[in-house]
Protein chains: 2
Amino acid sequence: MRKRDTDKEDLVKQTAIKLIVKNGLEGFSMNKLAKACNISVATLYIYYKDRDDLILNIAMESGKLMSDTIIKDFDPELSLEEGLRQQWKNRYKFMTDHPGLNLFFDQLRSSSYQEEFLSGFLKEFKLVMGKFMQNVMERGEIEEMTFETYWAIAFAPLYALARFDNEGKSLSGKPYQMTDKVLWKTFNLVIKALKK
Amino acid sequence: MRKRDTDKEDLVKQTAIKLIVKNGLEGFSMNKLAKACNISVATLYIYYKDRDDLILNIAMESGKLMSDTIIKDFDPELSLEEGLRQQWKNRYKFMTDHPGLNLFFDQLRSSSYQEEFLSGFLKEFKLVMGKFMQNVMERGEIEEMTFETYWAIAFAPLYALARFDNEGKSLSGKPYQMTDKVLWKTFNLVIKALKK
DNA sequence: CATATAAGTGAATGAATATTCACTTATATT
DNA sequence: AATATAAGTGAATATTCATTCACTTATATG
């Protein structure tokens with residue numbers, strides 16, 4: 001038997017993400033991917049059943065990575081401020097450690113892969129996050145609110161900052177780069193909104 | 001001369017948006033669009049120069065509609081709470097009056113059309129919104145903060161709610177539909193975060 | 001009514017797409 | 001060293017794509 005070249009396999013994954021981020025799913029093709037990796041198209045069909053299988057597999061693997069990063073050192077029994085701070089830390093770390101991966105996820109979110117992508121790695125994740133909110137609410141640290149309201153206040157601002165950062169320029173026209181200072185300033189406002 | 005059938009022209013626009021929202025830009029083609037409209041592909045090339053021209057024109061027209069809706073009855077001299085409330089009202093109205101159009105914009109945002117799309121209708125818009133924030137800050141109604149932080153707190157939660165609404169189900173698995181109550185509850189938290 | 005003119009068409013073109021196939025190559029095991 | 005087996009290939013296939021073209025149809029205007 002011959003062993004599969006795991007370097008090549010990894011190259012395929014990285015290149016696929018890079019191409020999709022750059023040109024969108026719309027501008028992505030198997031032939032282009034093969035060419036960019038300097039391998040034969042047919043090789044892609046050894047690794048993956050078809051185009052959908054390729055995209056979904058890479059998506060789910062990346063999703064798992066995100067999920068693992070976000071859950072790290074997080075305990076749903078933490079206080080509102082401690083717990084949320086850890087969440088912001090983890091999510092921020094993921095963004096900076098894997099620049100572009102958020103853009104990759106944006107592509108998936110606005111595609112037909114969305115549902116399968118989310119369902120893949122979000123199960124455990126949902127449970128832990130839901131538990132945390134419930135604890136905090138039961139302890140009376142925050143008012144009664146729906147999960148949607150909670151999420152919208154607690155995390156949407158963070159992802160908005162990330163998008164500004166990715167686009168590299170603010171609405172005001174000035175170039176923009178996220179800094180720790182801006183991040184934690186925004187975090188403090190979020191805490192102010194949520195705390196009773 | 002023969003007059004152009006404006007009903008048909010409008011059908012093309014509506015159908016294009018519907019198809020793109022449903023299948024993504026990836027799954028959208030001129031032939032499919034023509035078939036869905038029961039017209040010849042060649043007719044599309046009477047209305048538009050090419051595929052890009054078609055997408056961009058429809059995008060810009062929709063963008064203009066959004067911009068006009070959002071700017072209505074808004075005065076950058078309003079107080080923080082009054083001004084922001086009007087903004088939320090306008091943006092919410094746009095979402096409910098044109099369901100799906102936000103999803104269409106999401107598609108564009110993660111595509112190569114993004115830049116041209118934004119630059120088309122955002123100019124005036126940026127100015128007014130920037131002016132409002134500046135006024136509010138100068139008056140001391142909110143602390144010093146970057147435009148990005150301001151936007152992330154002031155509007156990102158609204159769009160997060162809209163996305164939950166579009167997806168029709170919450171992270172907690174229960175079906176979800178946005179209500180006025182949830183909307184204004186979230187708005188109040190946003191005001192709490194921003195107000196000094 | 002006649003006709004100029006733009007609207008609208010169905011079938012074609014060539015390029016790009018996903019996928020397959022007959023084939024060669026490397027290597028783990030015997 | 002021999003060989004079985006999976007990795008890897010380049011060229012082909014069939015499909016879908018955007019775009020064009022020679023043509024017909026409707027109608028506003030003279």
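The structure presented is a predicted model; accordingly, all values stated were derived computationally and were not measured. Here is how names work: the chains are called A, B, and so on, in the same order as the sequence lines, proteins then strands, and each is numbered from 1.
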**Student:** Hey, does K32(B) reach any base, or is it just sugar-phosphate, or nothing, if we go heavy atoms under 4.0 Å?
**Tutor:**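 Sugar-phosphate contact only - K32(B) comes under 4.0 Å of backbone atoms but never of a base.
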**Student:** Can you tell me how the ring of F155(B) sits relative to the ring of Y150(B), calling it parallel under 30°, perpendicular over 60° and tilted otherwise?
**Tutor:**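 Taking Y150(B) first and then F155(B), their aromatic rings stand perpendicular (interplane angle over 60°).
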**Student:** Nearest to the side chain of N31(B) - dC17(D), dT19(C), dT17(C)?
**Tutor:**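 Nearest to the side chain of N31(B) among the choices is dC17(D).
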**Student:** For residues D180(A) and Y92(A), is any side-chain donor paired with an opposing acceptor at under 3.5 Å?
**Tutor:**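 Per modelled atom types, D180(A) and Y92(A) side chains form a pair under 3.5 Å.
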**Student:** Please tell me which of the listed nucleotides, dA18(C), dA28(D), dA6(D), lies nearest to the side chain of R2(A)?
**Tutor:**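 In terms of side-chain proximity for R2(A), the closest of dA18(C), dA28(D), dA6(D) is dA6(D).
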**Student:** Looking at the side chain of T43(A), which of dT9(C), dA18(D), dT9(D) is the nearest nucleotide?
**Tutor:**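 Looking only at side-chain atoms, T43(A) lies closest to dT9(D).
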**Student:** Whole Å only: how far is the OH atom of Y48(B) from the P atom of dG8(C)?
**Tutor:**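 Result: 12 Å.
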**Student:** Using whole Å, what does the distance between atom C1' of nucleotide dT20(D) and atom CG of L44(B) come to?
**Tutor:**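 Answer to the nearest Å: 13 Å.
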**Student:** State which of dC17(D), dT19(C), dA7(D) makes the closest approach to the side chain of Y45(A).
**Tutor:**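 Selected nucleotide (nearest to the side chain): dT19(C).
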**Student:** Both I46(A) and V41(A) contact DNA chain D. Taking the nearest nucleotide for each, which residue is further toward the 5' end?
**Tutor:**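 It is I46(A) whose nearest nucleotide is closer to the 5' end.
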**Student:** Separation of R51(A) atom CZ from dA14(D) atom P, in whole Å?
**Tutor:**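 Atom-to-atom, R51(A) to dA14(D), this comes out as 22 Å.
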**Student:** To the nearest Å, give me how far apart CG (D5(B)) and C1' (dT27(D)) are.
**Tutor:**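 Going from D5(B) (CG) to dT27(D) (C1'), I get 13 Å.
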**Student:** In whole Å, I'd like the distance from the NZ atom of K8(A) to the C1' atom of dT25(C).
**Tutor:**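 My rounded result for the distance is 11 Å.
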**Student:** Given dG10(C), dT19(D), dA28(C), which nucleotide is nearest the side-chain atoms of K3(A)?
**Tutor:**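 It is dA28(C).
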**Student:** Please determine, by modelled atom types, if N57(A) and D53(A) share a side-chain donor-acceptor pair under 3.5 angstrom.
**Tutor:**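 Yes, side-chain donor-acceptor contact under 3.5 Å.
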**Student:** Using a cut-off of less than 4.0 Å, is there contact between a side-chain N or O of S29(B) and OP1 or OP2 of dC17(D)?
**Tutor:**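 True: S29(B) side-chain N/O within range (under 4.0 Å) of dC17(D) OP1/OP2.
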**Student:** So, R4(B) versus Y47(B): side-chain donor-acceptor pair below 3.5 Å or not?
**Tutor:**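 There is no such pair between these side chains.
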**Student:** If the condition is ring pair (Phe, Tyr, Trp, His ring centres under 6.0 Å), which residues does F187(A) pass it with, not counting sequence neighbours?
**Tutor:**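 Only W88(A), W184(A) meet the ring pair (Phe, Tyr, Trp, His ring centres under 6.0 Å) criterion with F187(A).
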**Student:** Checking contacts here: which listed nucleotide (dT19(D), dG8(D), dA7(C)) is nearest the side-chain heavy atoms of R4(B)?
**Tutor:**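 Per side-chain heavy atoms of R4(B), the pick is dA7(C).
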**Student:** Given atom CD of E26(B) and atom C1' of dT17(C), what is their separation to the nearest angstrom?
**Tutor:**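 Computing the E26(B):CD to dT17(C):C1' distance gives 12 Å.
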**Student:** Is there a side-chain polar atom (N or O) of S40(B) under 4.0 Å from OP1 or OP2 of dG8(C)?
**Tutor:**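 No.
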**Student:** Regarding Y47(A), tell me which of base, sugar-phosphate or nothing describes its non-hydrogen contacts under 4.0 Å with the strands shown.
**Tutor:**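 Sugar-phosphate, no base atom in range.
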**Student:** Heavy atoms from C-beta onward define the side chain here; which of dG8(D), dA18(C), dT19(D) lies closest to that of M30(A)?
**Tutor:**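 Nearest to the side chain of M30(A) among the choices is dA18(C).
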**Student:** For I39(A) and dT24(C), what is the distance between atoms CD1 and P respectively, to the nearest whole Å?
**Tutor:**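 So the CD1-P distance, I39(A) to dT24(C), works out to 21 Å.
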**Student:** How many Å lie between CD on E9(A) and P on dA6(D), as a whole number?
**Tutor:**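 Those two atoms, CD and P, are 16 Å apart.
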